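Accompanying notes for the structure given below.
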Amino acid sequence: MSSEWISPDRNLALELVRTTEAAALAAARWMGRGDKIGADQAAVDAMRSVLDGVQMDGTVIIGEGEKDEAPMLYNGERIGNGQPPHTDIAVDPIDGTTLTATGQAGAIAVISVAEKGSMYNPGPVTYMEKLAVGPSGKGIVDIRLPIERNLTALAKAQGRPVRDLNAVVLDRPRHQEIIDEIRSTGARITLISDGDVAGAIATAWPESGVDILFGIGGTPEGVITAAALKSMGGDLQGRLWPRNDEEREAALEQGYDLDEIIGLDDLITSDNCFFAATGITDGALLKGVHFGADAITTQSLVMRGRSGTVRQVEATHRPSKVAELRAAEGQ
């Protein structure tokens, strides 16, 4: 067999949604039980068991840390059945572990896959400033501009007043200045306690009622989100945000430019990318897992960057079959 890389030539997202469904089904059993670690471990185990059967030779670029953090899905782990295509993988078995553990809305299981060598590696800097918008804001907003100017420009592009816009921001003390600036414009704000992957994707999902995301969140989550926003025609801009002098020095030593604006096409350089997400708890983006007497239901989003296709997948799972599969996989 040739040693040359073989890129994905089929819609992997339709296979990947099985992995997010499995993670969501496992994590939902931990909803409201106050155990973030238990929920995350259940989701990881379920996702890995399905990923091992997907036809691809993948490497985890964005995962749960280095190899000594196993049994999580760690950075550098090889995933899939070892057959081509060759891919980069970014996973977050639970985007919103606190939301899941406390029974709050908006937790999802997510995975992004792209052709090998196309995903941004954030190195030692785990946080970044972010600005995300849907298609109406692409080419309109700029992370370097004041918040008021971005909101005014977005409102003009959408043909409505600033007061009608809804900005989503992670509810953190570091964001108080951003929140105050948004409020001064008259725009509305949705504060979220966790889950900025879902928050960013919501800006491009018409039914969510969200128009723009501001704030500092995880750099890995930014890479995961990029595959979705590429598919949806939205935009994401970022700038690395070291948490301390140690991260700053490490980033500079590794050649990172801390003033560089990181765009959507920097986070994932290829349009040959895929995204899948399944709701764990009910949220603005997706319904969560619902357990009924005769059926378990899930709702997912499946996306392909190359075609710009976004599918919403409603699935019904028989409880007895789910239990059999979990038993067979040792979960």
Side-chain angles (χ1 to χ4, degrees), residues 8 11-13 16-17 20 61-62 88-92 95-96 106 108-115 118-120 122 128-143 150 153-154 157-158 165-170 190 192 195-240 261-279 283-286 300-312:
N11 194 348
L12 271 174
L16 297 172
V17 72
T20 56
I61 304 299
I62 303 294
D88 287 346
I89 301 173
V91 294
D92 196 349
D95 176 50
I108 60 175
V110 294
I111 185 169
S112 295
V113 172
E115 62 182 79
S118 63
M119 278 189 179
Y120 181 80
M128 69 189 302
E129 299 175 63
K130 296 178 188 175
L131 174 59
V133 289
S136 64
K138 189 174 180 66
I140 301 295
V141 299
D142 189 321
I143 196 171
N150 279 319
L154 182 60
Q158 294 185 357
L165 297 182
N166 183 10
V168 64
V169 182
L170 274 171
T190 295
I192 56 175
D196 69 339
V197 172
I201 295 170
T203 65
W205 189 247
E207 297 178 8
S208 73
V210 171
D211 300 289
I212 190 166
L213 174 140
F214 293 106
I216 298 162
T219 310
E221 286 81 356
V223 179
I224 292 171
T225 305
L229 289 179
K230 270 179 172 280
S231 303
M232 303 173 87
D235 196 17
L236 177 65
Q237 300 170 25
R239 183 162 44 197
L240 294 176
I261 303 303
I262 304 167
L264 196 63
D265 291 332
D266 300 311
L267 292 167
I268 298 181
T269 60
S270 171
D271 286 336
N272 196 10
C273 58
F274 311 87
F275 175 89
T278 301
L285 186 65
L286 288 166
S300 305
L301 288 175
V302 181
M303 309 185 196
R304 187 181 190 185
R306 176 168 285 174
S307 63
T309 304
V310 179
R311 292 179 171 90
Q312 192 172 61

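Since the structure is predicted, the reported quantities are computational estimates derived from the model, not experimental observations. Each residue takes its place number in the sequence, starting with 1.
- Considering only residues two or more places apart in sequence or on other chains, Gln312 meets the side chain to side chain donor-acceptor pair (under 3.5 Å) condition with none of them.
- Val133 has its side chain out of reach of Ile140: every pair of non-hydrogen atoms, C-beta onward, lies at least 4.5 Å apart.
- One distance of note links CG of Leu301 with CG of Leu286; it measures 4.5 Å at 0.5 Å rounding.
- One finds the CD1 atom of Ile143 at 8.0 Å from the CG atom of Leu236 (value rounded to the nearest 0.5 Å).
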Mind running side-chain contact (heavy atoms from CB on, under 4.5 Å) on Ile108 and Val197 for me, showing each step along the way? CA-CA 9 Å; Ile108 60 175; Val197 172; 4.3 Å; yes
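- At least one donor-acceptor pair under 3.5 Å links the side chain of Asn150 to the backbone N or O of Asp142.
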side-chain contact (heavy atoms from CB on, under 4.5 Å) evaluation trace for Arg311 with Val17: CA-CA 11 Å; Arg311 292 179 171 90; Val17 72; over 6 Å; no
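- For the pair Asn166 (side chain) and Gly209 (backbone), a donor-acceptor distance under 3.5 Å is present.
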Pair Leu131, Phe214 - check side-chain contact (heavy atoms from CB on, under 4.5 Å), show working. CA-CA 5 Å; Leu131 174 59; Phe214 293 106; 3.5 Å; yes
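- Listed by chain and number, the residues in a side chain to side chain donor-acceptor pair (under 3.5 Å) with Ser300 are Thr278 (sequence neighbours excluded).
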What's the verdict on side-chain contact (heavy atoms from CB on, under 4.5 Å) for Ile212 and Leu165, showing C-alpha distance, side-chain angles and the deciding distance? CA-CA 8 Å; Ile212 190 166; Leu165 297 182; 5.7 Å; no
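- In this structure, SG in Cys273 is found 10.5 Å from CE in Met303, a value given to the nearest 0.5 Å.
- The nearest pair of heavy atoms linking Leu213 to Ala200 is CD1-N, 3.6 Å.
- Rounding to the nearest 0.5 Å places CG of Leu240 at 11.5 Å from CD1 of Ile216.
- For Ser112, there are no side chain to side chain donor-acceptor pair (under 3.5 Å) partners two or more places apart in sequence or in a different chain.
- Formation of a donor-acceptor pair under 3.5 Å by the Asp88 side chain with backbone atoms of Ile61 is not found in this model.
- To the nearest 0.5 Å, atom CD1 of residue Ile62 and atom CD1 of residue Ile89 are 12.0 Å apart.
- Note on residues 222-240: pairs passing side-chain hydrogen bond (donor to acceptor under 3.5 Å, both in side chains), not counting sequence neighbours, are Glu129-Arg239, Lys230-Asp265, Lys230-Asp271, Asp235-Gln237.
- Closest non-hydrogen pair, Leu267 versus Ala226, comes out as CB-CB, 3.7 Å.
- Contact record, Thr219 with Pro122: CG2-CB, 3.2 Å, taken as the closest heavy-atom pair.
- Here Asp95 pairs with nothing under the side chain to side chain donor-acceptor pair (under 3.5 Å) rule; sequence neighbours left out.
- Distance check: Leu264 CG to Thr269 OG1 gives 11.0 Å after rounding to the nearest 0.5 Å.
- Applying the side-chain hydrogen bond (donor to acceptor under 3.5 Å, both in side chains) test to residues at least two apart or on different chains, the pairs with a partner in residues 196-208 are Lys130-Asp196.
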